Amino acid sequence: MKTRLASSVGEEKALGIYFELLEITKKITSAIDVQKIVYWDEFRDDSPNEFEFEYQKKVQETGDLGFKMEKAFQNEFKDGARKIIIIGTDCPFLTKEIIENAYSRLNDFDFVLGPALDGGYYLLGMKEYFPFVFRSIPWSTENVLSLTMNLIQKNNKTVTLLEELCDIDDINDFNLWKGSI
């Protein structure tokens, strides 16, 4: 986890930063009155307490980021969800208000995206299952947001953007975060 950050600060410090980001994510999401599900790579009996969320948990499908997100959306819509928002655990600037705003915007738009400074996104929401948005995207590149927007428009769907935030992928992102505190 956080391999680009670990290459600059070391694995132990990167793990500590990841735990800090998990705590921030827990605090933000616990204040929102919606069903919450955490998708993990795997379940382990020896996981540190920092990995414990009091939410429903499921195991992710194996594959790239797009495939994992696609399957999570597919599963939850199949189980009856009407609006779904997915976030990672690496955006310390995310707030309860941003997530609530995203849910609200899904009343009027097919998609909501939270653009990240690096050209990706920190939040994706949709009110129907549209798998095309996960296909033909080179994940973890600076083109993720623009290519996603192009796919949405090409398929004649509506999209709205939230404010641009920084997620923590490398040492520059980390320094931006800590410099803002």
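The residues of the chain are indexed from 1 along the displayed sequence. Since the structure is predicted, the reported quantities are computational estimates derived from the model, not experimental observations.
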Review point. Under 6.0 Å from the CD atom of Gln74, do we count more than 12 heavy atoms belonging to anything else shown?
Key: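 Count over threshold, so yes.
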Review point. Which class fits the ring pair Phe132 and Phe130: parallel under 30°, tilted 30 to 60°, perpendicular over 60°?
Key: tilted
For [X] and [Y], work out which heavy atoms get closest and say how close.
| X | Y | answer |
| --- | --- | --- |
| Thr25 | Thr89 | OG1-CA, 3.5 Å |
| Pro138 | Ser136 | CD-O, 3.8 Å |
| Thr158 | Asp108 | OG1-O, 4.2 Å |
| Cys166 | Leu117 | CB-CD1, 3.5 Å |
| Lys96 | Ala31 | CE-O, 3.0 Å |
| Ser30 | Lys36 | CA-CE, 4.3 Å |

Under 3.5 Å, is there a donor-acceptor pair linking the side chains of [X] and [Y]?
| X | Y | answer |
| --- | --- | --- |
| Glu23 | Tyr18 | no |
| Tyr55 | Thr29 | yes |
| Lys127 | Asn107 | no |

**Study point:** Test salt bridge (Lys or Arg N to Asp or Glu O under 4.0 Å) applied to Lys58 and Asp79, step by step
**Key:** CA-CA 13 Å; Lys58 297 183 179 182; Asp79 287 347; 3.5 Å; yes
Rounded to the nearest 0.5 Å, how far does [atom2] of [Y] lie from [atom1] of [X]?
| X | Y | atom1 | atom2 | value |
| --- | --- | --- | --- | --- |
| Ile87 | Asp167 | CD1 | CG | 11.5 Å |
| Trp177 | Asp90 | CH2 | CG | 10.0 Å |
| Thr62 | Lys71 | OG1 | NZ | 12.0 Å |
| Ser104 | Glu97 | OG | CD | 13.0 Å |
| Lys154 | Leu147 | NZ | CG | 11.0 Å |
| Asn172 | Leu176 | CG | CG | 9.0 Å |

**Study point:** Given Asn101, Leu106, Leu124, the one that forms side-chain contact (heavy atoms from CB on, under 4.5 Å) with Val112
**Key:**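 Only one option passes, and that is Leu106.
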Is there a side-chain contact between [X] and [Y] in this structure, where contact means two heavy atoms from C-beta onward sitting under 4.5 Å apart?
| X | Y | result |
| --- | --- | --- |
| Ile86 | Leu123 | no |
| Ile168 | Pro92 | yes |
| Phe19 | Leu15 | yes |
| Ile84 | Tyr103 | no |
| Val133 | Met126 | yes |
| Asp118 | Asp169 | yes |

Group every Ile, Leu, Val, Met, Phe, Trp and Tyr by side-chain heavy-atom contacts under 4.5 Å, then state whether [X] and [Y] land in the same group.
| X | Y | value |
| --- | --- | --- |
| Phe109 | Ile85 | no |
| Tyr121 | Ile99 | no |
| Val159 | Val144 | yes |
| Met69 | Met149 | yes |
| Tyr129 | Leu113 | yes |

Check your understanding: Are the ring centres of Tyr122 and Phe93 closer than 6.0 Å?
Key -> no
Check your understanding: Are Phe134 and Phe73 an aromatic pair by the rule of ring centers under 6.0 Å?
Key ->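 Yes, the ring of Phe134 comes within the 6.0 Å limit of the ring of Phe73, centre to centre.
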**Study point:** Steps toward side chain to side chain contact (heavy atoms under 4.5 Å, CB included) verdict (Gln153, Asn150)
**Key:** CA-CA 5 Å; Gln153 292 164 351; Asn150 289 341; 4.2 Å; yes
Practice item. Please assess Phe111 against Lys157 for the test side chain to side chain contact (heavy atoms under 4.5 Å, CB included), listing each intermediate value before the final yes or no. Key: CA-CA 8 Å; Phe111 290 92; Lys157 301 300 175 192; 3.9 Å; yes
Review point. What residues form a side chain to side chain contact (heavy atoms under 4.5 Å, CB included) with Asp64, not counting sequence neighbours?
Key: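 Checked Asp64 against side chain to side chain contact (heavy atoms under 4.5 Å, CB included); matches are Phe67, Trp139.
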Check your understanding: Excluding sequence neighbours, so at least two apart, what forms side chain to side chain contact (heavy atoms under 4.5 Å, CB included) with Ser8?
Key -> Ile171
Exercise for review: Give the C-alpha distance, both sets of side-chain angles, the deciding distance and a yes or no for salt bridge (Lys or Arg N to Asp or Glu O under 4.0 Å) between Glu70 and Arg135.
Suggested key: CA-CA 9 Å; Glu70 178 182 347; Arg135 304 199 177 139; 2.5 Å; yes
Check your understanding: Taking the side chain from Gln60 and the backbone from Tyr39, do they hold a donor-acceptor pair closer than 3.5 Å?
Key ->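 Present.
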Check your understanding: Which is it for Ile98 and Ile28 under the side chain to side chain contact (heavy atoms under 4.5 Å, CB included) test, yes or no, and what are the steps along the way?
Key -> CA-CA 10 Å; Ile98 291 171; Ile28 293 164; over 6 Å; no
Exercise for review: Take Leu5 and Lys13 through the test side chain to side chain contact (heavy atoms under 4.5 Å, CB included) and record every step on the way to the result.
Suggested key: CA-CA 9 Å; Leu5 182 60; Lys13 181 160 173 87; over 6 Å; no
Point to revise | Note: Glu76-Arg82 ion pair, threshold 4.0 Å (strictly below) | key: no
Check your understanding: Between Lys68 and Asp41, does at least one N-O distance fall below 4.0 Å, as a salt bridge requires?
Key -> yes
